Amino acid sequence: MTQLLKVQNFTVSSDGFAAGEGQSMERPFGQADPGTMFSWAGATASWPNRTDPGGSRGLDDYLTRDFAHNIGAEIMGRNKFGPQRGPWEDHEWQGWWGDEPPFHTPVFVMTHHTRPSFTLSDTTFHFVDGEPATVLAAAKDAARGKDVRLGGGARTVRQFLDADLVDTLHVAVSPSVKLGSGSRLWESPDDLRDRFHVDVVPSPSGVIHHLFWRK
């Protein structure tokens, strides 16, 4: 069975940025407001952090619910794990997610500054220095036949796109958000049409879902 590398529910501004400038411990998305960027998913019935009943159904809910389906490992860039740059100064800090990270799989964090792996609940973080193809091979092995999710950020997604390793890509574009600078996924979604089929589906929530699959 073919294992896929999938980008899921990756949200960008109208001008293609997944995060703004000025990332810090307190602001993982820099000047971007994640509450606004991800409001389409947070309003769904299947949003995992929902504390009250209700929520929307439809395509937004389906994509939110499908996030963990058949995923056996995740790959992320270092700045999705944390805001630090350069050599690690604090091994005690273990990411933004607390004792119960939302991944529930092995996670491969790409960094030029490796550190020992550690486990929180059912998520084990591995810190790896390698080319995208090498990291993907390790993640597929750890996924035990399931698919691998490429979690971001934008620079990491671009690395794998440029290496022609991404099989499917779902990007939710938020037309009401314009950032102007930061971590950019694309100038235009049309940049990917040479390698991917694409469906563009507007949602009642206001976001526009771009669903890509390899030609």
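Because the structure is predicted, anything quoted here is derived from the model rather than measured.
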State yes or no: do [X] and [Y] share one hydrophobic cluster built from I, L, V, M, F, W and Y residues joined by side-chain heavy-atom distances below 4.5 Å, directly or via other members?
X: Val157; Y: Val148; result: yes
X: Leu59; Y: Val200; result: no
X: Phe160; Y: Leu185; result: yes
X: Leu161; Y: Val171; result: yes

Would you name the heavy atoms of [X] and [Y] that are closest together and state the gap between them?
X: Ile208; Y: Pro175; result: CD1-CG, 4.0 Å
X: Thr105; Y: Ala73; result: OG1-CA, 3.6 Å
X: Ala143; Y: Gln3; result: CB-NE2, 3.8 Å
X: Trp96; Y: Pro83; result: CZ2-CD, 3.4 Å
X: Phe10; Y: Gly153; result: CZ-C, 3.9 Å
X: Arg50; Y: Thr44; result: NE-O, 2.9 Å

From [atom1] ([X]) to [atom2] ([Y]), nearest 0.5 Å:
X: Leu4; Y: Trp213; atom1: CG; atom2: CH2; result: 14.0 Å
X: Asn70; Y: Asp147; atom1: CG; atom2: CG; result: 4.5 Å
X: Phe67; Y: Gln8; atom1: CZ; atom2: CD; result: 6.0 Å

Ring centre gap for Phe81 and Phe108 strictly below 6.0 Å: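 No, too far apart.
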Going by atom types only, do [X] and [Y] share a side-chain donor-acceptor pair under 3.5 Å?
X: Asp61; Y: Ser46; value: yes
X: Ser121; Y: Glu100; value: yes
X: His104; Y: Thr123; value: no
X: Thr114; Y: Asp129; value: no

Take Gln94 and Leu120 through the side-chain contact (heavy atoms from CB on, under 4.5 Å) test and state the conclusion after the steps. CA-CA 9 Å; Gln94 297 180 319; Leu120 294 172; 3.4 Å; yes
Please report, to 0.1 Å, the donor-acceptor pairs under 3.5 Å made by any side chain of residues 14-24, with sequence neighbours excluded.
from: Ser14; atom 1: OG; to: Val177; atom 2: O; distance (Å): 2.9
from: Asp15; atom 1: OD1; to: Ser13; atom 2: OG; distance (Å): 2.5
from: Asp15; atom 1: OD1; to: Leu179; atom 2: N; distance (Å): 3.2
from: Asp15; atom 1: OD2; to: Leu179; atom 2: N; distance (Å): 3.4
from: Asp15; atom 1: OD2; to: Gly180; atom 2: N; distance (Å): 2.7
from: Glu21; atom 1: OE2; to: Gly182; atom 2: N; distance (Å): 3.4
from: Gln23; atom 1: OE1; to: Arg85; atom 2: NH1; distance (Å): 3.2
from: Gln23; atom 1: NE2; to: Pro28; atom 2: O; distance (Å): 3.2
from: Gln23; atom 1: NE2; to: Asn79; atom 2: O; distance (Å): 2.7
from: Ser24; atom 1: OG; to: Glu26; atom 2: N; distance (Å): 3.4
from: Ser24; atom 1: OG; to: Arg27; atom 2: N; distance (Å): 3.1

Taking the side chain as every heavy atom from C-beta outward, state whether [X] and [Y] have any pair of such atoms under 4.5 Å apart.
X: Leu211; Y: Phe196; answer: no
X: Val7; Y: Arg149; answer: no
X: Val107; Y: Met76; answer: yes
X: Val128; Y: Thr111; answer: no
X: Leu136; Y: Leu5; answer: yes
X: Trp93; Y: Met25; answer: yes
X: Trp186; Y: Leu192; answer: yes
X: Val173; Y: Val207; answer: no

Given 3.5 Å as the limit, does a donor-acceptor pair link the side chain of [X] with the main chain of [Y], or not?
X: Thr64; Y: Asp60; value: yes
X: Arg214; Y: His197; value: no
X: Ser203; Y: Gly206; value: no
X: Asn9; Y: Leu63; value: yes

Heavy-atom neighbours of [X] [atom1] exceed 12 at 6.0 Å:
X: Asp99; atom1: CG; answer: no
X: His112; atom1: NE2; answer: no
X: Arg144; atom1: CZ; answer: no
X: Gln31; atom1: CD; answer: yes
X: Arg184; atom1: CZ; answer: yes

Check the orientation of Phe125 and Trp97. Use parallel for under 30°, tilted for 30 to 60°, and perpendicular for over 60°. parallel
Name the orientation class of the two ring planes belonging to His210 and Phe212 (parallel below 30°, tilted from 30 to 60°, perpendicular beyond 60°).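 Ring orientation of His210 relative to Phe212: parallel.
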Set of ring pair (Phe, Tyr, Trp, His ring centres under 6.0 Å) partners for His209, sequence neighbours left out: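 Checked His209 against ring pair (Phe, Tyr, Trp, His ring centres under 6.0 Å); matches are Trp40, His170.
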SB check Lys6 Asp167 (cutoff 4.0 Å): no
Using the rule given for side-chain contact (heavy atoms from CB on, under 4.5 Å), can you reason through Lys80 versus Thr156, listing the C-alpha separation, both sets of side-chain angles and the distance that settles it, and then say yes or no? CA-CA 9 Å; Lys80 181 176 177 180; Thr156 300; over 6 Å; no
Within 45° of the ring axis of Tyr62 and under 6.0 Å from its six-membered ring centre, is that where the NZ or CZ of Arg57 lies? no
Distance under 6.0 Å and angle within 45° of ring axis: Arg78 vs Trp88: yes
